[in-house]
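Working notes, structure below.
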Amino acid sequence: MQTVDQTRDWLLSRARVVADIEQVPLLDAAGRVLARELVSPLNVPPHDNSAMDGYAVRAADAANVLPVSQRIPAGTLPQALAAASAARIFTGAVIPPQADAVVMQEQAELQADGGVRFTAPVTAGQNIRRRGEDIAVGQVVLACGQRLRDADLGVAAAIGQPQLAVYRRLKVAVFFTGDELVEPGEAAPAGKIYNSNRYWLVPALRQLGCEVIDLGIIADRLDATRAALRDAAARADVVMTCGGVSVGEEDHVKAAVEAEGELQLWKIAIKPGKPLASGRIGDADFIGLPGNPVSGYVTFVVLVRDFLRARMGETVQGWPQPRLLPAAFDWLKPDQKREEFLRVRIVEQDGVQQLQRFANQGSGVLTSCAWADGLVRLQPGQSVQPGDLLPVYPL
C-alpha cells in the first residue's frame, strides 16, 4: 500500500495549473487564485502624513507657545510651515514642509490669543506616517498563486488596481454510483439509502472555488459509467466520482476508467479509506473517492483537496502545521498497517484544551464528521492513552 505522504506527493506532482487567465474586478476576486504577481506602482502612503488629529510643528520650537499658521485637512496640499508656528492638522493629512512632528490634540492647550501650548515633550518624528512606510514603489504586494482574501483586495485597492488577473475557475464534474442510492425528497424503499456523499462533496468543491458540473447518480452498469465518464471529461478539467472504485462485481468505475483512459488505482495505508482511484480521461484528471461516506470525506480532506487547490494555481505548501493537544480518550487497538485519522473535537476543561473523540469511528458514520472539528493523525500501530499529546488538523 502507498503511504499517505507518498500519495499526497504523487497527486501534487500531477497537478497541472489551468492555463486560462481572466481579469476580474476587485469586488469579484475574493477566493480566486492570483495568476500574476502584483507589483506596486506607487508608495503607500504617497506622502508623509499625520497619524492623528493635532498640530504639526518643528520639535525644536515646541517648548514655546506657537501661533497657528494654517489648517490642513486630509486631501489638501499644505504650505511650508511658517517659522516658529504650528499647523492645525488632521489624521491622514500631508505633513507640511519644514515640520518634523505632530502633537496630538489631547496634549495641546489653545490660548486666549489663538496660540497653542503643548503639555508634553515633543520628539522629532512622532506621530508621522512616513512615505512608503506600508508599501514601497516596486514592492511585490501579492504573490502569484495566492488565494485572495478580503485584506488582499484592500491592498490591491490601496495601490489603485481596479481588477486582478486570476486563474479561470477549475471545472469539476462529479457523479455518484450505486443502484442503492436515492435523492433526499424521494421515497427510500427497502434496500435503498439516501445519497449523502453528494451533499458534502458538491458544497466542498464550491467552497474551494470550483465550478461544479453535477451529473447526479449514475446506474451501476459499465456502459452507463463509461458514457458518464466521457460526458464529464468533455466538459470538465477534473472528473470525480464517489463509489465503485473497489474490485467487486458491481464496482464498474475502475473498469470504465481503464476503458476510456488510464488509471492508477491505489490502496492507500489510510483509515478510514484505502481505495482511491486516480488517472486521466482525455485531458481531464480523474479522482475516484471511496463510496463509504467517512472514507470519502477523510480522503478528500487529507489528499484530494490540496490536489485541487494546486490544480487551480494556488501555491500549496507542505502539510499544515498541526496543533499538539492532550487526548481525553484512549485508543487501544490501533491499525498496525495504516495511518488512522480519528474524528475529534477540541473541548476545554478547567481552562485546558483537550481532545475528545467521536465514540463510533466507523467508515459509514458520517455524523462523526459533522460532530468533529479536527482530525487526529496516528501512525500505524500508535495507541493512545489519556494525556498523550496528539497532532490535530482542523477540518
Side-chain angles (χ1 to χ4, degrees), residues 11 15 18 28 30-33 147 167-186 188 192-220 224-225 227-245 251-253 256-257 272-273 275-279 281 284-314 316 343 363-373 375 394-395:
L11 281 169
V18 293
D28 296 330
R32 302 294 294 272
V33 179
R147 188 176 289 269
Y167 291 109
R168 170 182 58 77
R169 291 190 186 277
L170 189 71
K171 295 180 181 179
V172 182
V174 298
F175 65 84
F176 307 86
T177 66
D179 286 344
E180 74 278 15
L181 298 177
V182 295
E183 291 295 335
E186 300 176 1
K192 302 290 187 179
I193 60 173
Y194 287 113
N195 181 15
S196 59
N197 282 327
R198 181 186 187 192
Y199 293 90
W200 66 259
L201 179 57
V202 170
L205 293 170
R206 287 175 176 161
Q207 188 174 24
L208 278 180
C210 300
E211 179 183 330
V212 180
I213 303 167
D214 183 359
L215 301 178
I217 300 169
I218 302 299
D220 261 342
T225 306
L229 288 172
R230 289 194 300 271
D231 177 35
R235 299 165 62 186
D237 304 299
V238 179
V239 178
M240 293 187 65
T241 63
C242 270
V245 296
D251 294 315
H252 299 298
V253 172
V257 175
L276 174 71
S278 178
I281 304 166
D285 291 306
F286 172 76
I287 297 288
L289 296 175
N292 278 329
V294 180
S295 297
Y297 186 88
V298 171
T299 304
F300 177 84
V301 168
V302 173
L303 295 169
V304 178
R305 185 164 57 188
D306 279 353
F307 165 75
L308 296 174
R309 290 172 57 210
R311 191 74 167 76
M312 297 168 75
E314 186 176 356
V316 178
R343 278 76 69 210
S363 62
V365 184
L366 190 56
T367 48
S368 67
C369 300
W371 173 89
D373 54 23
L375 295 174
L395 282 174

For this session: Could you go through the side-chain contact (heavy atoms from CB on, under 4.5 Å) check for T299 and L303 one step at a time?
Result: CA-CA 6 Å; T299 304; L303 295 169; 4.1 Å; yes
For this session: Give the intermediate values and the outcome of side-chain contact (heavy atoms from CB on, under 4.5 Å) for residues V18 and K171.
Result: CA-CA 10 Å; V18 293; K171 295 180 181 179; over 6 Å; no
For this session: Start with the C-alpha distance between L181 and R198, add both sets of side-chain angles, then the distance that settles side-chain contact (heavy atoms from CB on, under 4.5 Å), and finish with yes or no.
Result: CA-CA 11 Å; L181 298 177; R198 181 186 187 192; over 6 Å; no
For this session: Give the intermediate values and the outcome of salt bridge (charged side-chain N to carboxylate O under 4.0 Å, His left out) for residues R309 and E314.
Result: CA-CA 5 Å; R309 290 172 57 210; E314 186 176 356; 2.9 Å; yes
For this session: Could you walk me through whether L205 and M240 pass side-chain contact (heavy atoms from CB on, under 4.5 Å), step by step?
Result: CA-CA 10 Å; L205 293 170; M240 293 187 65; 4.0 Å; yes
For this session: Just do the salt bridge (charged side-chain N to carboxylate O under 4.0 Å, His left out) check on E211 and R168 with the steps written out, would you?
Result: CA-CA 10 Å; E211 179 183 330; R168 170 182 58 77; over 6 Å; no
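Partner of L229 under the side chain to side chain contact (heavy atoms under 4.5 Å, CB included) criterion, chosen from L215, V257, I218: V257.
Expressed to the nearest 0.5 Å, how far CD1 of I281 lies from CZ of R230 amounts to 10.5 Å. With rounding to the nearest 0.5 angstrom, the OG1 atom of T225 is 6.5 Å from the CG atom of D220. Once rounded to the nearest 0.5 Å, the distance linking CG of D237 with CZ of R311 reads 5.0 Å. Distance CG/L289 to CG/N197: 8.0 Å, rounded to 0.5 Å. If you take CZ on F307 and CG on D285, they are separated by 4.0 Å, rounding to the nearest 0.5 Å. Of the inter-residue distances, the one linking F176 atom CZ with I217 atom CD1 reads 8.5 Å to the nearest 0.5 angstrom.
Side chain of D214 to main chain of G216: a donor-acceptor pair is present (N/O by atom type, distance under 3.5 Å, no hydrogens or angles). Side chain of R147 to backbone of V33: no donor-acceptor contact under 3.5 angstrom is found.
In this structure the side chain of L201 reaches within 4.5 angstrom of the side chain of C242, judged on heavy atoms. In this structure the side chain of R343 never reaches within 4.5 angstrom of the side chain of V365, judged on heavy atoms. Looking at Y194 and Y199, their side chains never come closer than 4.5 Å, going by heavy atoms from C-beta outward.
Closest heavy-atom contact between A372 and L395: O-CD1, 3.7 Å. Scanning all heavy atoms of the two residues, the minimum distance from R169 to G209 falls at NH1-O, 3.1 Å. Closest heavy-atom contact between I287 and S278: CD1-OG, 3.9 Å. A310 and V316 get closest at one heavy-atom pair: N-CG2, 3.7 Å. Closest non-hydrogen pair, P275 versus P290, comes out as O-CD, 3.3 Å. A pairwise comparison of heavy atoms in Y167 and R32 identifies O-NH2, 3.0 Å as the closest pair.
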